[in-house]
Amino acid sequence: MSRESYWREDPTGLLRVDPGFILLESPTDATPGFDGNKKAGRAALKEGALVLTDLQEKLFAHHQAGDDGRRILLVLQAMDTAGKGGIVKHVIGNVDPQGVQLASFKAPSEEEQKHDFLWRIRKQVPEPGMIGVFDRSHYEDVLIALVRDLATPEEIERRYGAINEFEAELVAEGTTIIKVMLHISPDEQKARLMDRLERPEKQWKYSPNDVEERMLGPKYQEAYQAAFERTATPIAPWYVVPADHKWYARLAVQHLLIQALEALELEWPLPDYDVETEKLRLLAS
């Protein structure tokens, strides 16, 4: 199991959404595959960052040096406060930013509403050699639509099919897709929202709409369950990551990225010039 030394058991299978998975029965405070505490988790994250950085640079180098079209797409979905921003900062933030494409999807603009829901998503698909990150994604258009009755059941069903076709296209073009739902408990979410209100430096993150969204939590759980059942495929699986412990969620997502990159079996690209000749030329210059 990869170059990471700290896992008791590979968490990938423990986190993956397989047939029969029930979100309501999935714990939010567990640490699958890891036996350590917060301190150990933070130390492991630093160790894993070195592995991730090396692999990410190889992916970027392959495209720069040749015609390698492979890329990674990390999709992050969650309720408010579950830690998407922390993943971006503490996991993705450890790699070379020139090899990262980050896209955040809010409510669609007036222009975006004139097009199919995937129109704005396609524009943000990562380029070859890149790690792309979707902070929220095309799944908002089935989750919110279902929770708030913004589309008919027939339209939502059409969107599930369109998503599966879209993701199959990406995979065929060389994209590895990692879809993550950060799973946070209502109690932990309440505590994090209160923390935002009590700390002036975090109040900008709070919105009065957060409480309204929080009250719709049970409906969102049902919407996520439906999305898993319709769009968890062998080529684009879903992973549900317990998120009550921020440190564990970061460690788990880091591992999913490392594993995806290791599966590409990347080596440093060979130069298209004679190294020894260039050494002599340089010495003589």
Side-chain angles (χ1 to χ4, degrees), residues 17 21-24 26 28 73-85 87-88 101-126 132-170 177-186 188-190 192-193 196 204-233 236-241 243:
V17 172
F21 173 85
I22 300 176
L23 182 61
L24 289 176
S26 180
T28 59
L73 174 58
L74 172 64
V75 174
L76 295 175
Q77 287 289 154
M79 297 292 289
D80 291 327
T81 78
K84 297 189 310 311
I87 298 292
V88 172
Q101 287 181 235
L102 174 64
S104 181
F105 296 97
K106 306 297 183 182
S109 66
E110 185 175 332
E111 172 64 21
E112 290 168 343
Q113 291 179 19
K114 296 177 182 178
H115 301 270
D116 183 72
F117 77 104
L118 287 174
W119 180 76
R120 64 174 182 162
I121 307 297
R122 290 183 181 276
K123 294 165 65 176
Q124 300 294 341
V125 169
V133 182
F134 283 179
D135 181 351
R136 300 192 188 277
S137 67
H138 41 301
Y139 284 95
E140 294 292 283
D141 292 280
V142 289
L143 296 167
I144 294 177
L146 190 58
V147 169
R148 294 189 172 274
D149 297 320
L150 300 178
T152 64
E154 292 76 17
E155 172 59 16
I156 292 174
E157 190 65 25
R158 183 194 74 81
R159 292 179 186 179
Y160 289 141
I163 286 172
N164 286 335
E165 291 179 4
F166 169 61
E167 292 178 351
E169 291 173 12
L170 293 183
I177 302 175
I178 307 166
K179 300 185 295 193
V180 172
M181 186 264 190
L182 299 173
H183 191 27
I184 187 174
S185 69
E188 180 63 22
Q189 184 193 46
K190 178 185 285 188
R192 293 184 188 180
L193 287 172
R196 289 182 178 181
W204 65 272
K205 294 184 176 182
Y206 183 87
S207 167
N209 291 332
D210 290 342
V211 174
E212 180 182 351
E213 285 290 288
R214 171 178 162 75
M215 298 300 291
L216 293 171
K219 287 190 174 182
Y220 273 106
Q221 298 293 304
E222 294 176 2
Y224 272 109
Q225 181 70 42
F228 297 154
E229 292 173 358
R230 292 293 286 108
T231 65
T233 64
W238 272 102
Y239 299 92
V240 171
V241 175

Listed by chain and number, what are the side-chain hydrogen bond (donor to acceptor under 3.5 Å, both in side chains) partners of [X], not counting sequence neighbours?
X: Gln113; answer: none
X: Asp116; answer: Arg158
X: Thr231; answer: Tyr139, Trp238
X: Asp210; answer: none

Nearest heavy atoms of Gln77 and Ser137, plus distance in Å: OE1-OG, 2.7 Å
Restricting to non-hydrogen atoms, name the atom on Ser26 and the atom on Val240 that form the minimum distance, rounded to 0.1 Å. OG-CG1, 4.0 Å
With a 4.5 Å limit on heavy-atom distance, are the side chains of Val133 and Ile87 in contact? no
Run the side-chain donor-acceptor check on residues 222-230: report pairs under 3.5 Å with partners two or more places apart or on a different chain.
unit_1	atom_1	unit_2	atom_2	d
Tyr224	OH	Ala78	N	3.2
Gln225	OE1	Leu23	N	2.8
Gln225	NE2	Phe21	O	2.9
Gln225	NE2	Glu229	OE2	3.0
Arg230	NE	Glu157	OE2	2.8
Arg230	NH2	Glu157	OE2	2.6

Nearest 0.5 Å please: distance from the [atom1] atom of [X] over to the [atom2] atom of [Y].
X: His115; Y: Arg122; atom1: NE2; atom2: CZ; value: 13.5 Å
X: Leu74; Y: Asp135; atom1: CG; atom2: CG; value: 10.0 Å
X: Asp80; Y: Asn209; atom1: CG; atom2: CG; value: 9.5 Å
X: Glu188; Y: Leu193; atom1: CD; atom2: CG; value: 10.0 Å
X: Ile163; Y: Leu118; atom1: CD1; atom2: CG; value: 6.5 Å

Tell me every residue that passes ring pair (Phe, Tyr, Trp, His ring centres under 6.0 Å) with Tyr239, counting only those two or more places apart in sequence or in another chain. none
Run the ring pair (Phe, Tyr, Trp, His ring centres under 6.0 Å) test against His138 and tell me which residues pass, sequence neighbours left out. Phe166
Would the distance check show the side chain of Arg120 and the main-chain N or O of Glu112 forming a donor-acceptor pair, the cut-off being under 3.5 Å? no
Are the side chain of Gln189 and the backbone N or O of Thr81 linked by a donor-acceptor pair below 3.5 Å? no
The criterion is side chain to side chain contact (heavy atoms under 4.5 Å, CB included); which residues satisfy it with [X], sequence neighbours excluded?
X: Ala236; result: Glu167, Ile177, Lys179, Thr233
X: Ala103; result: Phe105, Gln124, Phe134
X: Pro186; result: Arg214
X: Leu216; result: Val147, Arg148, Glu213, Lys219, Tyr220

Test log, rule side-chain contact (heavy atoms from CB on, under 4.5 Å), inputs Leu76 and Val88: CA-CA 9 Å; Leu76 295 175; Val88 172; 4.3 Å; yes
Contacts of Lys114 meeting salt bridge (Lys or Arg N to Asp or Glu O under 4.0 Å) (sequence neighbours excluded), chain-then-number -> Glu111
